[in-house]
Amino acid sequence: MTLLARVPANPAPPAPPRRGRYPLLPYLLLLPGAAWLLVFFGLPLVQLAATSLYDPAGSLATGYAMTWAVDNYPAALQAYWPQFSRSFLYAGIATVLAVLMGYPLAYAIAQKAGRWKNLLLVCVIAPMFTSFLVRTLAWKTILSDNGWLVGLLRDVHLLDADGRLLATPVAVVLGLTYNFLPFLVLPLYASLERLDYRLLEAASDLYASPVSAFRRITLPLSMPGLIAGTLLFFIPASGDYINAELLGTPNEYMIGNVIDSAFLVRLDYPQGAALSFLLMAAVLAVVFVYLRRAGTEEVL
């Protein structure tokens, strides 16, 4: 009774946390990164936006006049919409192939590799120590008409006697899948490596089938890594132009090839800048829809 009598009826609210001696310190720590983004991303983006509105009749010799030519955007889209659609089609197919190959690989490394885990991770990352161009040229050799792969496919009658892989959409998609596969495997591995294997054992004890355990436990818990990996794969793949240039023909050119030609060959800077902004806007729209859809499915 004595102890209860000493407890105040209305205890005082806790004191607010004291502010640090240097309240601006977190913002100062962000300053170098913000300055870097402003100088090397923000300002070039503004300049690119201004270039996309220049008079398309100008040139490097006569100069470009700022005429706020908004018509550059619909004109560029109308002229090159096949390359836009082809870019997202190739990138989408390559992303699906990368998931089908990368998910089992990431799961095996994270949960089954044991003491070989670090070695397998090095094998995944090792190709990135080589130039992107060299890796794509290696695929050009592998897929050549006289290469072993085409010869094998002809022997098993999966290709006609005069069939080929190089200079086809198949070669471009295979090149995209190979070159960007580590960007998908590593985030997936990071999610799967944190997976508590005891949850799968509990599911097995509760008579869940392996398919059901994967659908109800493994896939939802690895969804953050899968979402991050597919975005890291799809975004650079949709803007790539090296694979289409080296493994395809003009019939397989993507929008990156058109932008490269506009800036470096035709010297049509307004059109190249407009195409660049259209590509960024399309990628952002796809990413936004994908994140909304993936977030809804994750909640369900």
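In what follows, every heavy atom counts, from backbone to side chain, and hydrogens, waters and symmetry copies are set aside. Just so you know, residue 1 is the first one in the sequence shown, and it goes up from there. Predicted, not measured: the structure shown is a model, and the values here were computed from it.
Residue-environment remark: CG (D205) exceeds the threshold of 12 foreign heavy atoms within 6.0 Å. Within a 6.0 Å sphere centred on NZ of K140, other residues, nucleotides and ligands contribute 12 heavy atoms or fewer.
Evaluation of the side chain to side chain donor-acceptor pair (under 3.5 Å) test over residues 234-244, restricted to residues two or more places apart or in two chains, returns N179-N243, D240-N243. Applying the side chain to side chain donor-acceptor pair (under 3.5 Å) test to pairs two or more places apart or on separate chains, those with a residue in residues 206-227 are Y103-S222.
S261 places no side-chain N or O within 3.5 Å of a backbone atom of V258 that could act as its donor or acceptor partner. In this structure, the side chain of S87 engages the main chain of I255 through a donor-acceptor pair within 3.5 Å. Looking at R86, its side chain does come within 3.5 Å of a backbone N or O of Y253 through a donor-acceptor pair. A donor-acceptor contact shorter than 3.5 Å is absent between the side chain of D268 and the backbone of P56. Of the possible donor and acceptor atoms, one in the side chain of E252 sits under 3.5 Å from a partner among the backbone N and O of T249. Using a distance-only test at 3.5 Å, with no hydrogens or angles considered, a donor-acceptor pair links the side chain of T51 to the main chain of Q47. Formation of a donor-acceptor pair under 3.5 Å by the R135 side chain with backbone atoms of M128 is not found in this model. A distance-only check finds no donor-acceptor pair linking the side chain of S191 to the backbone of L188 [under 3.5 Å].
Between F183 and F180, the angle of the ring planes lies from 30° to 60°, which puts this pair in the tilted group. Classified by interplanar angle (parallel below 30°, tilted 30° to 60°, perpendicular above 60°), the ring pair Y73/F277 is perpendicular.
Using a 4.5 Å cut-off on side-chain heavy atoms (C-beta onward), Q111 and L200 make no contact. Residues L232 and L184 have side chains not in contact (no heavy-atom distance under 4.5 Å, counting atoms from C-beta outward). In this structure, T168 and L143 have side chains that are not in contact, with every pair of non-hydrogen atoms separated by 4.5 Å or more. Counting heavy atoms from C-beta outward, L279 and F88 have side chains that approach closer than 4.5 Å.
Remark: S204 pairs with no residue by the side-chain hydrogen bond (donor to acceptor under 3.5 Å, both in side chains) rule, at least two apart or across chains. Scored by the side-chain hydrogen bond (donor to acceptor under 3.5 Å, both in side chains) test, D145 finds R164 as partners (sequence neighbours excluded). Listed by chain and residue number, nothing satisfies the side-chain hydrogen bond (donor to acceptor under 3.5 Å, both in side chains) test with T67 (two or more places apart in sequence, or in another chain). For L105, the side-chain contact (heavy atoms from CB on, under 4.5 Å) partners two or more places apart in sequence, or in a different chain, are I109, V124, V185.
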